[in-house]
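Lettering of chains follows the sequences in order, A, B, ..., and the numbering in each one begins at 1.
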Amino acid sequence: MNERIVVGMSGGVDSSVAALLLKEQGYDVVGVFMKNWEEQDESGTCTAESDWRDVQAVCDEIGIPYYSVNFAKEYYDRVFSYFLDEYKKGRTPNPDVLCNREIKFKAFLDFAMKLGAAKMATGHFVQTNEQGQLLKGADPNKDQSYFLYMLKKQQLQKALFPVGAMCKDEVRDYAKRKGLLTFAKKDSTGVCFIGERHFKTFLQQFLPATPGDMVAIDGQKLGRHDGLMYYTLGQRKGLGIGGCGDGRSWFVVEKDLERNQLVVAQGEDHELLYANGAMGVDVTWIGDTPEENTFDCSAKFRYRQKDQKVRVTLNGEGLLVNAYEPQRALTPGQSIVLYDGDQCLGGTILNNVLKK
RNA sequence: UGGGGUGUAGCCAAGCGGUAAGGCACGGGACUUUGACUCCCGCAUUCGCAGGUUCGAACCCUGCCACCCCAG
């Protein structure tokens with residue numbers, strides 16, 4: 001009897017190819033589609049429906065059975081409620097890193113095990129090795145290890161990433177050659193399972209607006225904001241102020257919850273947009289906690305950023321991360337992911353920026 | 001109701017008789033499994049209004065209107 005592998009299928013080309021590759025390798029493959037968000041988008045269409053149809057069609061083409069599971073409650077309780085709480089605190093969360101830890105590699109993994117699977121698989125562009133370490137995907141432009149940094153070795157050892165060694169173009173070419181209908185499907189973006197949204201409008205459905213003043217660093221009032229949670233640090237678009245000051249663009253440099261003021265500064269290179277150090281909480285290590293309390297490694301302060309040289313220091317409070325080069329718009333709630341070369345070590349949620 | 005000045009897109013602003021620069025904002029797209037950033041494209045048949053001069057005016061002339069400043 002061949003080993004059973006349950007593949008998390010999104011309806012996209014990556015997971016389609018992942019399932020196909022496993023099937024060709026002789027596994028007993030089962031495709032499972034997750035629906036974790038009930039609401040339809042602002043255009044009134046439910047992309048989950050067409051995605052589910054694509055999953056069914058692809059599974060039929062490949063010749064594997066498929067199921068659909070609904071983790072909407074788990075998603076809301078373990079990911080979305082946290083997401084909203086963070087915004088209420090004026091922070092900018094990354095729900096997808098939690099989604100991977102709590103849903104895809106927990107709820108879904110458990111479900112796969114119940115189906116008798118030896119392992120689960122997804123279409124993520126990441127790789128693992130025998131030791132259960134997380135490695136970057138082979139395609140430097142599509143590496144998604146940033147989103148999986150919160151996983152533990154024990155979770156990764158039960159996961160396969162069939163497309164992690166491939167480049168995106170190869171994946172599409174392969175899908176096309178094999179006749180998978182998803183070969184040309186556009187990559188999905190936006191919050192996982194929720195999708196592309198007009199973000200402000202989306203948040204307004206959950207978080208009440210508390211408008212206030214938009215002020216310059218010197219306190220000069222420049223306009224009004226619709227509610228601090230609708231903006232993030234380093235943001236330019238949506239401020240609606242133009243033609244004042246020296247004529248350059250304005251960027252959010254601070255969210256003053258006390259005064260309910262959005263503080264903005266002019267010029268994309270403004271010093272307040274940059275900092276070298278940050279303190280992280282909720283530190284997670286994929287493997288064992290490092291022996292050294294202080295060491296150099298590289299880090300990404302946001303998805304797709306090229307590796308930054310940093311020095312990290314562990315203390316009782318959390319993790320101190322100091323970059324050798326100034327970092328733009330370090331934002332509380334976002335994740336700092338640590339690497340040793342191609343190996344993802346883990347990371348932390350940025351709690352506060354250390355001003356010089 | 002004496003004198004002076006200014007009125008160009010939502011904002012700032014070039015233009016000075018030859019057929020409306022640029023920036024910001026805004027809109028669309030690209031990029032992207034968070035939020036952002038970034039990049040590309042678009043954005044005044046029209047220059048406060050009405051006449052006049054001219055082959056031709058936002059630019060010259062006249063009148064009116066609005067705002068600002070200085071005097072009373």
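- The interatomic distance linking Leu273(A) (CG) with rU38(B) (P) rounds to 10 Å, in whole Å.
- Between Arg236(A) and rU38(B), a side-chain N or O to OP1/OP2 separation shorter than 4.0 Å is present.
- If you take CE of Met229(A) and P of rU34(B), they are 22 Å apart, rounded to a whole angstrom.
- Across all strands shown, Gly238(A) has heavy atoms under 4.0 Å from sugar-phosphate atoms exclusively, and none from any base.
- Distance from the side chain of Ser188(A) is smallest to rU33(B) among rU33(B), rA36(B), rA25(B).
- Rounded to whole Å, the distance from CD on Gln305(A) to C1' on rC37(B) is 11 Å.
- When hydrophobic residues (I, L, V, M, F, W, Y) are linked wherever their side-chain heavy atoms come within less than 4.5 Å, the members clustered with Trp285(A) are Val283(A), Phe295(A), Phe301(A), Val310(A), Val312(A), Leu314(A), Leu319(A), Val321(A), Leu330(A), Ile336(A), Leu338(A), Leu345(A), Leu350(A), Val353(A).
- Donor-acceptor pairing under 3.5 Å, judged by distance alone, is present between the side chain of Gln334(A) and the base of rU34(B).
- Distances shown here put a side-chain N or O of Lys142(A) below 4.0 Å from the OP1 or OP2 atom of rU33(B).
- With sequence neighbours excluded, no residue forms a salt bridge (charged side-chain N to carboxylate O under 4.0 Å, His left out) with Arg304(A).
- Straight-line distance from the CZ atom of Phe83(A) to the P atom of rU33(B): 18 Å, rounded to whole Å.
- Residue-level contact check: Tyr87(A) touches the backbone only, with heavy atoms under 4.0 Å from sugar-phosphate atoms and none from bases.
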Practice problem: Evaluate the criterion side-chain contact (heavy atoms from CB on, under 4.5 Å) for residue pair Met166(A) and Leu21(A); output intermediate values, then yes/no. | Solution: CA-CA 12 Å; Met166(A) 301 170 76; Leu21(A) 289 171; 3.8 Å; yes
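- Closest to the side chain of Asn94(A), from the set rA25(B), rA36(B), rU34(B), is rU34(B).
- Taking atom CG on Asp269(A) and atom C1' on rC37(B), their separation rounds to 14 Å, with Å as the unit.
- At the phosphate of rC31(B), OP1 or OP2 sits under 4.0 Å from a side-chain N or O atom of Lys186(A).
- Atom name C1', nucleotides rU62(B) and rU19(B): the rounded distance is 24 Å, in whole Å.
- Atoms CD1 (Ile349(A)) and P (rU34(B)) sit 17 Å apart, rounded to a whole Å.
- Nucleotide rC31(B) holds its C1' atom 7 Å from the CZ atom of Arg304(A), rounded to whole Å.
- Of the P atoms belonging to rU8(B) and rA58(B), the separation is 15 Å, rounded to the nearest Å.
- Comparing rC40(B) with rC65(B), their P atoms are spaced 48 Å from each other, to the whole Å.
- Rounded to the nearest Å, the gap between the C1' atom of rC39(B) and that of rC31(B) is 8 Å.
- Base orientation for rC37(B): syn, the chi torsion being within 90° of 0.
- Considering only side-chain N and O atoms, Ser10(A) lies nowhere under 4.0 angstrom from the phosphate OP1 or OP2 of rU33(B).
- Protein atom NE2 of His225(A) is 19 Å distant from nucleotide atom C1' of rA25(B), rounded to whole Å.
- Between the P atoms of rC67(B) and rC26(B), the separation comes to 30 Å (whole Å).
- We find that Lys300(A) and Asp143(A) are not joined by a salt bridge, their nearest charged nitrogen and carboxylate oxygen being 4.0 Å or further apart.
- Nucleotides rC43(B) and rA9(B) place their C1' atoms 8 Å apart, quoted to the nearest Å.
- Side chain Arg248(A) to base rG23(B): no donor-acceptor pair is found below 3.5 Å.
- Nucleotides rA21(B) and rA44(B), compared at atom P, are 10 Å apart to the nearest Å.
- Of all nucleotides listed (rA25(B), rU33(B), rU38(B)), rU33(B) comes nearest to the side chain of Lys104(A).
- Contact annotation for Ser249(A): backbone-only contact, meaning every heavy-atom pair under 4.0 Å involves sugar-phosphate atoms and none involves a base.
- Between Phe301(A) and Arg328(A), the residue whose closest nucleotide on RNA chain B is further toward the 5' end is Phe301(A).
- Distance from the side chain of Pro95(A) is smallest to rU34(B) among rU34(B), rA25(B), rC37(B).
- Nucleotides rA50(B) and rU45(B) place their P atoms 15 Å apart, quoted to the nearest Å.
- In a base pair of the Watson-Crick type (N1 to N3 plus N6-O4 or O6-N4) or a G-U wobble (N1-O2 and O6-N3), with each distance short of 3.5 Å, rA44(B) is matched with no nucleotide.
- For Asn141(A) and rU32(B), the shortest distance from a side-chain N or O to OP1 or OP2 is below 4.0 Å.
- The residues Asp269(A) and Arg248(A) are annotated as salt-bridged, a charged nitrogen and a carboxylate oxygen being separated by less than 4.0 angstrom.
- Of the two residues near RNA chain B, Trp250(A) and Leu330(A), the one whose nearest nucleotide lies more 5' is Trp250(A).
- The pairing partner recorded for rC16(B) is none, the criterion being a Watson-Crick or G-U wobble arrangement whose two distances lie under 3.5 angstrom.
- Look at rA21(B): it lacks any Watson-Crick or wobble partner with both distances under 3.5 angstrom.
- When Watson-Crick and G-U wobble pairs are counted only if both distances are under 3.5 Å, rC59(B) pairs with no nucleotide at all.
- By the 30° and 60° cut-offs, the orientation of the rings of Phe161(A) relative to His124(A) is perpendicular.
- For the side-chain hydrogen bond (donor to acceptor under 3.5 Å, both in side chains) test with Arg91(A), the passing option among Thr331(A), Asn351(A), Asp85(A), Thr232(A) is Asn351(A); the others fail.
- Pair assignment for rA66(B) gives rU6(B), based on Watson-Crick or G-U wobble hydrogen-bonding distances that are each under 3.5 Å.
- Taking the six-membered ring where the residue is Trp, Tyr75(A) and Phe193(A) present perpendicular rings, their angle passing 60° and hence far from 30°.
- The phosphate of rU33(B) has OP1 or OP2 within less than 4.0 Å of a side-chain N or O from Tyr303(A).
- Counting only heavy atoms from C-beta on, Asn100(A) has its side chain closest to rU33(B) among rU33(B), rC37(B), rC24(B).
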